[in-house]
Amino acid sequence: MKIRIIALAVGVLAVCAGQAQAQELLPIQTPAGPAVIKPDQLHEPDPFAEARPAGSRLYGANVAAQPNDHVFKGFRRDPRLIVGVKVAPNVALEAGYVNLPDRGLYREEQGRAEDASQGLGEKGASNHLAVKVTTPEDARLSAYAKAGIAYSEVKRSINAASDTGLYTGAGAKLKLDKSTSVNAEFSRHGNAANKLGRVIQDGIKGNMQMGF
């Protein structure tokens, strides 16, 4: 019995030794390092990635200003201020301010704080909030359309008047070269032009912008 046990033990040791010798003869394989997953392998490609805006973009300007206003000495132009935020590539939420009376380009009268073309003690403003849709602005021919609400108010020395109504606007711009363009635009601040005594310049306007 003891002989059988000793023989079995010797056989087991021989098998283990043979396995160890075989492992020494095999080449040692070292790990190549942790697996790296590329960003584009984390999920399926997004088909709407190009259409989604990278982020909101703020903008603002005095849209009444012309590039060559400095040439007209003794004149000034009432501002039309615009500020907006782009919520999509061609869509923006926009707010605007127009000084009333809105006289466009006019000669400054000397001798008193308020010029003669404005009624004594007359002051006011028109404000609007609108959604603006545009075509690509870098194209040679671009256009836009706006719709929202406008509030206009004029205060005079003897009375005051206000109007709240639908604001609409549209425009187009044709670039002739890098410094010259032709513009046409339309705007309507509710019924302020009639109700407040024509103090705001609503309707169709066109001009040529030429920088030099």
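When a residue number appears, it is its place in the shown sequence, counting from 1.
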How far apart are the closest heavy atoms of [X] and [Y], and which atoms are they?
X    : Y    : result
M208 : V182 : CE-CG2, 3.8 Å
P101 : D78  : O-OD2, 3.0 Å
N62  : P79  : OD1-CA, 3.5 Å
A192 : D163 : N-OD2, 3.4 Å
G169 : Y144 : C-CE1, 4.3 Å

Taking atom [atom1] of [X] and atom [atom2] of [Y], what is their separation to the nearest 0.5 Å?
X    : Y    : atom1 : atom2 : answer
L81  : N99  : CG    : CG    : 9.0 Å
L100 : Q201 : CG    : CD    : 10.5 Å
N127 : I149 : CG    : CD1   : 11.5 Å
N191 : S152 : CG    : OG    : 10.0 Å
N207 : N183 : CG    : CG    : 5.0 Å
T164 : H189 : OG1   : NE2   : 12.5 Å

Exercise. Going hydrophobic residue to hydrophobic residue with side-chain gaps under 4.5 angstrom, can you get from L58 over to L93?
Worked result: yes

Exercise. Do V63 and V83 belong to the same hydrophobic cluster, where Ile, Leu, Val, Met, Phe, Trp and Tyr are linked whenever their side-chain heavy atoms lie under 4.5 Å apart, directly or via other members?
Worked result: no

Do [X] and [Y] have side chains that get closer than 4.5 Å, going by heavy atoms?
X    : Y    : answer
R57  : V85  : no
R80  : S187 : yes
Y151 : S162 : yes
D102 : V199 : no
I82  : E94  : yes
V91  : V131 : yes
F186 : K205 : no

For this session: Apply side-chain hydrogen bond (donor to acceptor under 3.5 Å, both in side chains) to the pair Y167 and K146, showing each step before the final yes or no.
Result: CA-CA 8 Å; Y167 173 83; K146 297 189 287 184; 3.2 Å; yes

Exercise. Are any side-chain N or O atoms of R188 and backbone N or O atoms of T168, one a donor and one an acceptor, separated by less than 3.5 Å?
Worked result: no

